[in-house]
Amino acid sequence: LNIVIGILLMVFQQFCGINAILDHLTDIMSNTGIYINENLQSALAQSSQLVSVFIALFNMDGIGRRKMWGISSCFLLLSQMLYIICLNMKNAGWFQASSVFLYLLSFGQGQGPIPWFICHDLFAKGDRLDGQMLITFGNMICSFGVTYLFPFLKKNMDEYIIMIIFMCITLISLPFGMYFIPRKLDWSDE
């Protein structure tokens, strides 16, 4: 069961649309109307995710993994809704950039780091390397899938529909994480 939990957390992590947003970030930022190189804008936006993961480092033990997953998922849903609204507006530059900024901050608080670091708690000491390898493999397959499928989907359907699909997956991830993310386990009896 623990291997399934770990892999599904990685599936949810990738299919909330993070790689689609990151691959599309330069285009998103070029539409903001900000007169800074769009690649620099993209780097600044991605740095928000870095700062968010760093803050999550300190929040995780105090707030708890499940609550952090819940907070992250709820704000991801909010930012996805705002982004979908932006896709249906004209000249939504700053608003769209702000929704992506919120998305990256939210991802860094839970959905980004939690699936990676709980692997230690999912498996006993003798099984950790194999478990981590399988979970990482699952993540790479999902990452490839999102990165490969997004341009194809974007060519064949409106982007807001794709984002609605990602939002639905994020919605499903909320109760899954709240129920299945383990509290810190003690494997000291090994």
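Heavy-atom basis, side chains included; hydrogens, waters and symmetry copies ignored.
- When side chains are defined from C-beta on, Leu22 counts as touching Gln49, because their heavy atoms get closer than 4.5 Å.
- Atom CG of Leu129 has 12 or fewer neighbouring heavy atoms from other residues, nucleotides or ligands inside a 6.0 Å radius.
- Side chain of Ser173 to backbone of Thr170: a donor-acceptor contact under 3.5 angstrom is found.
- Contact annotation: the side chain of Ile18 approaches that of Leu104 to within less than 4.5 Å [non-hydrogen atoms, C-beta and beyond].
- In the hydrophobic clustering of ILVMFWY residues, with side-chain heavy atoms under 4.5 Å counting as a link, Met178 and Leu78 come out apart.
- Although no hydrogens or angles enter the test, the distance criterion places no donor-acceptor pair under 3.5 Å between the side chain of Gln14 and the main chain of Asn139.
- Looking at Gln132 and Phe123, their side chains never come closer than 4.5 Å, going by heavy atoms from C-beta outward.
- For Phe176, the CZ atom counts as densely surrounded, since its 6.0 Å shell holds more than 12 non-hydrogen atoms of other residues, nucleotides or ligands.
- Between the side chain of Ser79 and the backbone N or O of Leu76 there is at least one donor-acceptor pair closer than 3.5 Å.
- Distance check, rounded to the nearest 0.5 Å: CG of Leu153 to CG of Asn156 gives 7.5 Å.
- Annotation: the span from Trp116 atom CH2 to Met10 atom CE amounts to 4.0 Å, rounded to 0.5 Å.
- Between Ile21 and Tyr83, the closest side-chain pair of non-hydrogen atoms falls below 4.5 Å.
- Two residues are said to be in side-chain contact when any heavy atoms from C-beta on lie closer than 4.5 Å; Gln80 and Cys16 meet this criterion.
- Annotation: the span from Tyr148 atom OH to Ser143 atom OG amounts to 14.5 Å, rounded to 0.5 Å.
- Between Ser52 and Gly108 the shortest heavy-atom distance is OG-C, 3.4 Å.
- Side chain of Ser106 to main chain of Ser72: no donor-acceptor pair is present (N/O by atom type, distance under 3.5 Å, no hydrogens or angles).
- For the side chain to side chain contact (heavy atoms under 4.5 Å, CB included) with Asn2, the qualifying choice from Ile118, Asp121, Leu122 is Leu122, the only one to do so.
- Looking at every heavy atom in both residues, Leu174 comes nearest to Gly70 through CD1-CA, 3.5 Å.
- No path of Ile, Leu, Val, Met, Phe, Trp and Tyr side chains, each step under 4.5 Å between heavy atoms, connects Leu57 with Ile114, placing them in separate hydrophobic clusters.
- The aromatic rings of Phe54 and Phe58 sit perpendicular, their planes meeting at an angle over 60°, well past the 30° parallel limit.
- Formation of a donor-acceptor pair under 3.5 Å by the Ser99 side chain with backbone atoms of Gln96 is found in this model.
- If you take OG on Ser48 and CG on Leu105, they are separated by 4.5 Å, rounding to the nearest 0.5 Å.
- Under the 4.5 Å side-chain heavy-atom criterion for Ile, Leu, Val, Met, Phe, Trp and Tyr, Ile85 and Leu102 are members of the same hydrophobic cluster.
- Counting non-hydrogen atoms of neighbouring residues, nucleotides and ligands closer than 6.0 angstrom, the CZ atom of Phe75 reaches no more than 12 such neighbours.
- In the hydrophobic clustering of ILVMFWY residues, with side-chain heavy atoms under 4.5 Å counting as a link, Ile165 and Ile172 come out together.
- Here the CG atom belonging to Leu9 is positioned 5.0 Å from the CH2 atom belonging to Trp69, to the nearest 0.5 angstrom.
- Panel note: side chain Arg66, backbone Tyr179; a donor-acceptor pair is recorded below 3.5 Å.
- Looking only at side-chain heavy atoms (C-beta outward), Phe12 and Pro115 stay at 4.5 Å or farther from each other.
- Rounding to the nearest 0.5 Å gives a distance of 5.5 Å between CG of Asn59 and CD of Gln109.
- Applying the side-chain contact (heavy atoms from CB on, under 4.5 Å) test to Lys154 and every residue at least two apart in sequence or in another chain returns His24, Phe150, Glu159, Ile162.
- Phe101 and Leu87 fall into different hydrophobic clusters, defined by Ile, Leu, Val, Met, Phe, Trp and Tyr side-chain heavy atoms under 4.5 Å apart, directly or through other members.
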